[in-house]
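Report on the structure given below.
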Amino acid sequence: MPWCSASPSPTSLSRFVLLAILVLLCCSFFAVAQNTPVDAEGHQWWQHAVFYEIYPRSFADSNNDGIGDLNGISSKMSYLHNLGVDAIWISPCYPSPQVDFGYDVSDYENIDPMYGTLADFDGMVAEGRKQNVKIILDFVPNHTSDQHPWFLDSKSSRTSAHRDWYIWRDGKGPGKPPNNWISIFGGSAWTLDPTTNQYFYHFFYKQQPDLNWRNPAVEKTMLDTTRWWYQRGVSGFRLDAVDTLFEDPELRDNPVLPGTNAQGDPNMENQYNDKLPQVHEELQKLRKVADDYNAVLIGETWTSNIAELDRYYGQGSHELQLPMDFMFTMVNQLSPPEFRRQIAAVDAAHGWPVFVISNHDIQRSYNRYGDGKNNDAIAKLMGAFYLTLRGTPIMYYGEEIGMENNDPIRREDVKDPIGRTGWPKEKGRDGERTPMQWNTAPNAGFSDATPWLPVPPTYMTHNVASESQDANSVLNLYKKVLALRHTNQALLEGSYVALNKNDPNVMSYLRSYKGEAVLVALNMSSTPRKVRFDLSPLGFGSASAPSSLKVLIASQAASAQSNEVSLEPFGLLIAEVH
Ligand code: GLC
Ligand code: CA
């Protein structure tokens, strides 16, 4: 056999050397490519991926107990792939007493039996690999459940091994907590535990005691946990509530502001228990581990300006790749000037933009932007909008079918505790967490059993099966836009340039890349609009021979002629520029 001849001829020897060099080169290229840029623009996988948040209780129920589960998610993997989703972020599915529906974790390295087993998890990862859908878990580093063995040990005595894993302090006097800090879910952030007669700190419910991240054992254990999941096939984490990882060691009182919040507590500036500088040191450590696995970190970061957002990217981009920018979700009206301001700001920030319009903590976008009459048109408009911006979009399950909030009507029906304590001002978050609407069968095809939260009556029209049959549905608009953004170079790589910046009604912009461009025009008003675009300053066409537009995706009555676009109320148009 020629390849094992004992004395190779000079030519076969040099061929062999050449081949060896080639193999070595290839190997080192792939090794580098695994952790570094995946395309010519230096963009990595998470910059082109479309993320989709799944609230596991509500996505698909495989064993008909009324609660969604991991096998349910696996069974919908091809749906997700066909929709154009590249990665799913699953809200916490670890063992939990479910006081905060999973955000109170009692074991970080397991799956709650209600959602399945670790084997089901592995099956879901495998199914995801088949369908090219990566799995992102929700990591809850700020606090555990009060039923976590660490906390049970911690509270058992002042000298227990885990005592310093949480934040314990003496009160200021009888009945007086250590300071004036308020839990975001209502009442003092301190609860007295009678066993040791000290207070423990909790930024959220008292069943969610804050971990003490100043303790190196806590830090090490939590970093190891992320590693454990990466090795199990997870491609990243959404980091819950990172703003509140650290507290002032002196526990100084926060400044009190005028007025009270929905829970009846005084308004407060969380100067000493929110966004402390140490947060960033931890994020850098979490990121280092993530980088070993080419994983992404998405942060729940409630920033109110770009300087704050920039801090989360980190100098040299060594913190969060994708800090969630909720400033966009706070534009609660169809306001082109406001959206332009937000996008320009994020675009100028020192990291890759993230766009989100709904999640499990805020009212669904369908209701927030809808005017009650044109909600479907507006849902499509919003989809065409944030899915064509420069950045990574994070969708929320059901958004693609125009799912609406189904808020509880009676206090006794509320499941989310803050809805009970805050009723009626705060109705809680049940409304945005209802079961996914798959078809017109009872319970919207989510489960044969009564679901843990009721589906809204509109599931008869807004569901995956019916909308798949309707070319003009919200679902089909999402599918078309997602398909386009996966293949169109201008949408994948292009810059964002706002057009007609003074137009108060039509939001429009150009995404352009190496001479290719896509124009997006969105009528955010309730009257028909005609707009003209002069793209010659941007290098497309000239004043005498304007560029022309070739429609790629448009609402029913929208059209483009030469460089002019006509849009019906809330109409949308996405066109290639020639
Ligand atoms: C985050 C979650 C929210 C949860 C809270 C406490 O804000 O998104 O659902 O209640 O953290 O973990
Ligand atoms: Ca189930």
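For ligands, and for the atoms within them, numbers begin at 1 and follow the listed sequence.
You'll find the ring centres of Tyr79 and His81 outside the 6.0 Å limit.
Listed by chain and residue number, nothing satisfies the salt bridge (Lys or Arg N to Asp or Glu O under 4.0 Å) test with Arg485 (two or more places apart in sequence, or in another chain). Legend: residues meeting salt bridge (Lys or Arg N to Asp or Glu O under 4.0 Å) with Asp100, ordered by chain and number and at least two apart, are Arg429. Legend: residues meeting side-chain hydrogen bond (donor to acceptor under 3.5 Å, both in side chains) with Trp229, ordered by chain and number and at least two apart, are absent.
Residues with a heavy atom under 4.0 Å from ligand 1: Asp100, Tyr103, His143, Phe185, Phe204, Gln208, Arg238, Asp240, Glu300, His360, Asp361, Arg429, Arg433.
Trp150 places no side-chain N or O within 3.5 Å of a backbone atom of Thr144 that could act as its donor or acceptor partner.
The cationic group of Lys425 does not satisfy the cation-pi geometry with Trp423, failing either the under 6.0 Å distance to the six-membered ring centre or the 45° limit from the ring axis.
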